[in-house]
There are 2 protein chains.
Amino acid sequence: MTATEAAPGQAPAGIALGSERPAGHASPTAAAGQLFAGRALRTSGKVLPEHARSHNRSLVLQTLYTLGAQSRADIARETGLTRVTISDLVAELIGEGLVVELGQREDARPGKPATLIDIDRTGHHVVALDLSEHTRFRGAVLDLDGATVARAEVALDGATGERAVELVTELLDGLLALTTSPVLGIGVGSPGVVGPDGVVRSAPNLGWTDLPLQERLQAAFHLPVHVANDANVAVLAEHAGAPGDLVLVKVGHGVGAGLIIGGRPVLGAGSAAGEIGHVVVGTDGGPRCACGKHGCLEAWLAVPRLTAELERLGDADAAASAREETLREAGRRLGIVLAPVVGALNLSEVVLSGPTELLDGPLLEAAVETVRNRTMTEHHRELRLRMTAHGQDIVLRGAAVMVLSGQLGVS
Amino acid sequence: MTATEAAPGQAPAGIALGSERPAGHASPTAAAGQLFAGRALRTSGKVLPEHARSHNRSLVLQTLYTLGAQSRADIARETGLTRVTISDLVAELIGEGLVVELGQREDARPGKPATLIDIDRTGHHVVALDLSEHTRFRGAVLDLDGATVARAEVALDGATGERAVELVTELLDGLLALTTSPVLGIGVGSPGVVGPDGVVRSAPNLGWTDLPLQERLQAAFHLPVHVANDANVAVLAEHAGAPGDLVLVKVGHGVGAGLIIGGRPVLGAGSAAGEIGHVVVGTDGGPRCACGKHGCLEAWLAVPRLTAELERLGDADAAASAREETLREAGRRLGIVLAPVVGALNLSEVVLSGPTELLDGPLLEAAVETVRNRTMTEHHRELRLRMTAHGQDIVLRGAAVMVLSGQLGVS
DNA sequence: TCACGTTTGTTAGTAGACCTTACGAACAAA
DNA sequence: TTTGTTCGTAAGGTCTACTAACAAACGTGA
């Protein structure tokens, strides 16, 4: 069996064949259940027994990924498949180098000692890119544990269009040179509207329109590439196996959101789901926004606007309450926009990502309070609104999760 | 093969065995892909080849359901499965009585004439109930084409609690007596919060709390029963195979919504998705609501409030513009609540259900305009906001779709 | 110490699901 | 009548996961 069999019944879009890469860069088989293009077992369309196997293969990987090293018998008990089937699947995965035997379990129990196996976590790397910042592109090499192996970045210096694409490939070149293990794939979080096929429909700041970034990077690097919107990518980092619905609001130069509902990312009719930055807040006007409207969420909440306002107030003690009120007001505005969404989706968790010094404090408190006051509290008693724990690296980590999901079916 | 094999790998919740029903009431096998409990091929959990077959079985039914009578070869081409496999599946379905041969196709083409087959559309009935009205329970017997075979209703007369349950069973008794074909199942759209297991968590108007309605009706009638929230059921009627996302807003005594995202209904963390009636609209107060807050969507938009307001204004010509402004204002308020949801989900379609004379006109126009003005128009150029075409029967028809989806995997 | 039970992982054989290949039947067009 | 097409079915092969059985390796208790 070769290691580069595309999923049958579907065009093998997005699966590069890696044969032209230097040794050590393998492309494992595409597995069912990836988070973006291809969706988990397409709602319609035929399902063959081999799809079932692909699903079960991912199930084994997922079990190992979340539970850590296990014996074959453990996995059988966990998944409900038989030991025989698990042995067969594991043999396949070991053959592909994705899984390794770790030796015998050491604790003293009756019976034959178990052979522990696990995903070769440090033996594979993922390359992740965050293109969402305004002044630089950031990137990192991660192993499957999420540990950062290497970092790199390039200054943008106002580059746009084709020049910006060049910077992406340069950054990737540098990162790939830093990898010391086979690379499972490349994950990219891009600003703007990104189609499910990794085409950047529109990213004004980078001057990109209908740029087939995923396809081009795939052609250039001969590795599986996944490109998606930065906020949609970020929410994957936060999702991390939690089964419930989740919304992540990413506050930066703009304001965007990523949604996971029913365990699957929401893309929207025009691939523009989560673009809440230019939704008007409230019925009492508000600051003028770059888009021409008044009182857009971005006009209240975007980082440049908040920092400018705080700077204007100065850092004198006398202005402390005015500064706090500025943040509270921004939080209230966020809450006003979130309330209908929380109500309509009956969300249990909303996560905020962005500069901690601005968001984590009065702003967050005001947002929680506002959402509570504006929705039917009894349905949202368990609503949690909190800061992300991933900090600045959330897009990078999410991009890595996207690759894991796409290549291994692990999410 | 028996006709009552529950889906393996999962408790056969919600699949009654029909054996105690009088002849003519069969329960076909549970199929994959139903819309509520059981979800389309559970995200996690093992998948066996027999699940694949169940899926393909549903695929055949779905193809017939949406395309109408077809030959086996047509279905093979449409689904991508081979003629052999389709023949096998069809033989199974014919054996169960779900599908019938209609004789040869009549048009003149070279080759052996095709034998047309179709779901036995008039040979099966579905019983649907709408419990969402305030003064009565409505019900109907439908065939698989959606044609109404019979109708019935009972006056509520303020009945609550156990007495209301009795009225439901009486209504069902009457409707089942009117069926003249095997009944596939019973679908119920109930007001209030309904769990995925058909337990009515809370329906204040009926005085129901944690009422296991689905289970009780199943026990009473020995037929598959599906119970869900009325708005969540209504959106199924509107969905009807359209692959995109969809939100239905149901305006009546209260205001509720049903959401379908990625082809699947959204239930929410507390099964309360779509409960937008008590989301506060705008930042300028508003009418006091029964819930205690000011400016809830229901306080603006609910039918009793609107009719009362219009009555207060009188039907004199002089008050015409005031009446229109009342409706426009209600529409604007709806638009204000919808805008963040439309933006966050990048919706392409929102459907309104309720009294046409109130909703279809200035109210709808104002809502469209408001949503457009408050979101980023370029992403929502194709947004359609329209009245349902199902009229008053939308919950009944949706309840029928729910049964079809649950029993046949057809949606 | 040694039989015994327990647990692990593998081997062998079976049932199910879909595929490819092949074929007869039935028709239109030449 | 011949030729080509299309339909549905039959036979045989491959793949998947299952059951049954077993050897290996370990504690435990007599």
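Naming: A, B, ... by sequence-line order, numbering from 1 per chain. What you are looking at is a predicted structure, and each value in this text was computed from that prediction instead of being measured.
- In terms of heavy-atom proximity, B/Arg105 sits nearest to B/Pro113 at O-CB, 4.4 Å.
- For A/Val84, whose side chain is taken as the heavy atoms from C-beta onward, the closest listed nucleotide among C/dG9, C/dA28, D/dA20 is D/dA20.
- Nucleic acid contact for A/Arg72: sugar-phosphate only, since backbone atoms but no base atoms lie under 4.0 Å from a heavy atom of the residue.
- Along DNA chain D, the nucleotide nearest to A/Pro113 and the one nearest to A/Pro49 differ in position, and the one closer to the 5' end is contacted by A/Pro49.
- Between B/Arg77 and D/dC7, a side-chain N or O to OP1/OP2 separation shorter than 4.0 Å is present.
- Between the side chain of A/Arg109 and the base of D/dG27 there is no donor-acceptor pair of N/O atoms closer than 3.5 Å.
- A side-chain N or O of B/Asp74 and one of B/Ser71 form a donor-acceptor pair less than 3.5 Å apart.
- Checked by atom type and distance alone, the side chain of B/Arg397 pairs as donor or acceptor with a backbone atom of B/Gly146 at under 3.5 Å.
- Residue A/Thr115 has its side chain nearest to C/dG9 when only C/dC19, D/dC7, C/dG9 are considered.
- Between the side chain of B/Arg264 and the backbone N or O of A/Gly262, at least one donor-acceptor pair lies under 3.5 Å.
- At the heavy-atom level, B/Asp88 lies nowhere under 4.0 Å from the strands shown.
- Residue-level contact check: B/Leu81 touches the backbone only, with heavy atoms under 4.0 Å from sugar-phosphate atoms and none from bases.
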